[in-house]
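Values below: every heavy atom of this structure, side chains too, minus hydrogens, waters and symmetry copies. Chain letters run A, B, ... following the sequence lines, proteins first and then strands; every chain starts at 1.
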Protein chains: 2
Amino acid sequence: MTTQTEATLLTVSQVAKIAHVTVRALHHYDQRGLLVPSERSAAGYRLYSDRDLERLQQILLLRQLDFSLEAIGPLIDATAYDRKQALEAQRELLLAQRGRTNAIIRGVDAALSALKGDSPMDKKKMFEGFEEMDASKYDVEAKEKWGETDAYKVSMRRTKAYSKDDWARIKAEEEAIQAGLAELLTSGVSAESDEAVDLAEQHRQHIDRWYYPCSPEMHVGLSDMYTADPRFEEHFEKRAKGLASYVQTAITANALQE
Amino acid sequence: MTTQTEATLLTVSQVAKIAHVTVRALHHYDQRGLLVPSERSAAGYRLYSDRDLERLQQILLLRQLDFSLEAIGPLIDATAYDRKQALEAQRELLLAQRGRTNAIIRGVDAALSALKGDSPMDKKKMFEGFEEMDASKYDVEAKEKWGETDAYKVSMRRTKAYSKDDWARIKAEEEAIQAGLAELLTSGVSAESDEAVDLAEQHRQHIDRWYYPCSPEMHVGLSDMYTADPRFEEHFEKRAKGLASYVQTAITANALQE
DNA sequence: GGTAGACCCTGACGTTACGTAAGGGTCAAG
DNA sequence: CTTGACCCTTACGTAACGTCAGGGTCTACC
């Protein structure tokens, strides 16, 4: 076995039951790379780890908040360096959602009152709570309270609105940056060279542009995850052996130049 | 103008804005007969009345509770005789939904705690709140509290699970009953004749089977709506002049035989 | 009266997130 | 070995719209 030696791995139906999703949904998430099980048995069975279940919780949570599957994957990955902040931001969105349910309940109560008194109900009030999360309003509030420093919230706001074309473009940019770094690595170019550092800076700007304001410090924090988290590491190593560490070094060197 | 002479009628964009839906959604609801605007202007513009907005509130509420559009129309119509009961039942489902949001929030809080202590989180707790409304559990509770007399709740439970085939069958049965009654009316057969009363009984059993336990008394209550509510009346009159009243009389006669 | 912009209509293709089904392999208990 | 529950991949279909196209209507302003 691998690093999951001590853990109990679960099959799809076990996960489906625990997580209140269908086996088909899990297949779907696997097929689109959103939640790839840690292992497969010799027979090809999907085997899910505890860590997979944590990621699934994140997925279901963001799904509950009406994020598209297209957005959920990258959102989780781009902000993996600070799980606490992510959870706190998600909590706030859930509170807002609960508020909307409360508003709908109040509308029902108003309708019940109107039934008794036979007085017409205010139209605006009838439909309170049915509005979707107002991202622009949220933005204003976030700015007033926290300035522009709450990265995860900014990130959620942005990614929710991206179209499929946006995502295609985002992915192409990421691909180009990673391919460039892999090329440098295999060519024997130092991770601290101008070329590598330049690509690292491109990477930082890419995140800054598409996800959240990304300072060099934040960038470094994210790069630490690339070697610390087996999923990221595997992602990079699949492209080129040693790439995870290489990218981390390049990003660190880039930050030192600031 | 019609009976809406004193009211202000709204265009699609006005309704869309108030109700937080899209114009496209309103077109869709119109196209499938779910929410047909009271009027059309000479230019063909959809014009919505206050009563239309009330119906839209019901639609959005049931949509919020994950009922299919297929189910929403018939559900609203079959239980139109008691709007109070409908609203109260819907309120309870909303409370349950809020409870599930609360459960998810608790899961997030547990995850935050787990982050600090680095102790693994209970798997069951991770996914609390993501389950769908458990109709069978709800059924048990309804029985204990109210016996089988809470018609609307029973109705909601049943209709939520019907397939498209079920709905096709339901509609075909309704169609046959109504066509039969219309035929008797146009043939000059009394609404209190055995034939008409027999069809009225078939109607009661149809509702009893597909929607909720329907006593003769309830059936009479519903039939009162057929002449009292312009939408129902129009529906019947479109088929045969005087049919709304005819059906009501047949249903009343059927109830008197019990 | 003409213009322009906002709004309206119908028709139609496309999308997202699966649901359902088919056909066949795997696992574990009896 | 058999059986039933579970697993796999493949593939078609669906609900509830979203988006777009092409053209008509309404109203204010010049």
[N] phosphate, OP1 or OP2: any side-chain N/O from [X] under 4.0 angstrom?
X	N	result
B:Thr22	D:dG18	yes
A:Arg32	C:dA17	yes
A:Tyr29	C:dA17	no
B:Ser13	C:dA6	no
A:Thr11	D:dC6	no

Legend entry - Sugar-phosphate only, base, or nothing, as touched by B:Val12 at under 4.0 Å among non-hydrogen atoms: sugar-phosphate
Measure from [atom1] on [X] to [atom2] on [N] and round the result to the nearest Å.
X	N	atom1	atom2	answer
B:His27	D:dA16	NE2	P	18 Å
B:Arg24	C:dA12	CZ	P	12 Å
A:Leu69	C:dC18	CG	P	5 Å
B:His28	D:dG18	NE2	P	9 Å
B:Glu70	D:dT14	CD	P	12 Å
B:Leu26	C:dC9	CG	P	9 Å
A:Leu34	C:dC18	CG	P	9 Å
A:Arg63	C:dT16	CZ	P	16 Å

Inset, instruction - When you get a sec, tell me which of D:dC26, D:dC7, C:dA17 is the closest nucleotide to the side chain of A:Ser68? - result: C:dA17
Legend entry - Nucleotide nearest B:Arg40 (side chain, heavy atoms from C-beta), chosen from C:dT10, D:dC7, D:dC17: C:dT10
Legend entry - Residues which pass ring pair (Phe, Tyr, Trp, His ring centres under 6.0 Å) with A:Phe236, listed by chain and number, not counting sequence neighbours: A:Tyr226
Legend entry - Stepwise salt bridge (Lys or Arg N to Asp or Glu O under 4.0 Å) test for A:Lys238 and A:Glu234: CA-CA 6 Å; A:Lys238 210 170 8 177; A:Glu234 185 183 333; 5.1 Å; no
Inset, instruction - Between A:Tyr45 and A:Ala25, name the one whose nearest nucleotide on DNA chain C is closer to the 5' end. - result: A:Ala25
Legend entry - Derivation of the salt bridge (Lys or Arg N to Asp or Glu O under 4.0 Å) call for A:Asp109 and A:Lys125: CA-CA 11 Å; A:Asp109 289 338; A:Lys125 202 162 182 85; over 6 Å; no
Legend entry - Distance (rounded to the nearest 0.5 Å) between A:His206 NE2 and A:Gln202 CD: 10.5 Å
Legend entry - Polar side-chain atom of B:Glu39 near backbone of B:Arg46 as donor-acceptor pair, under 3.5 Å: no
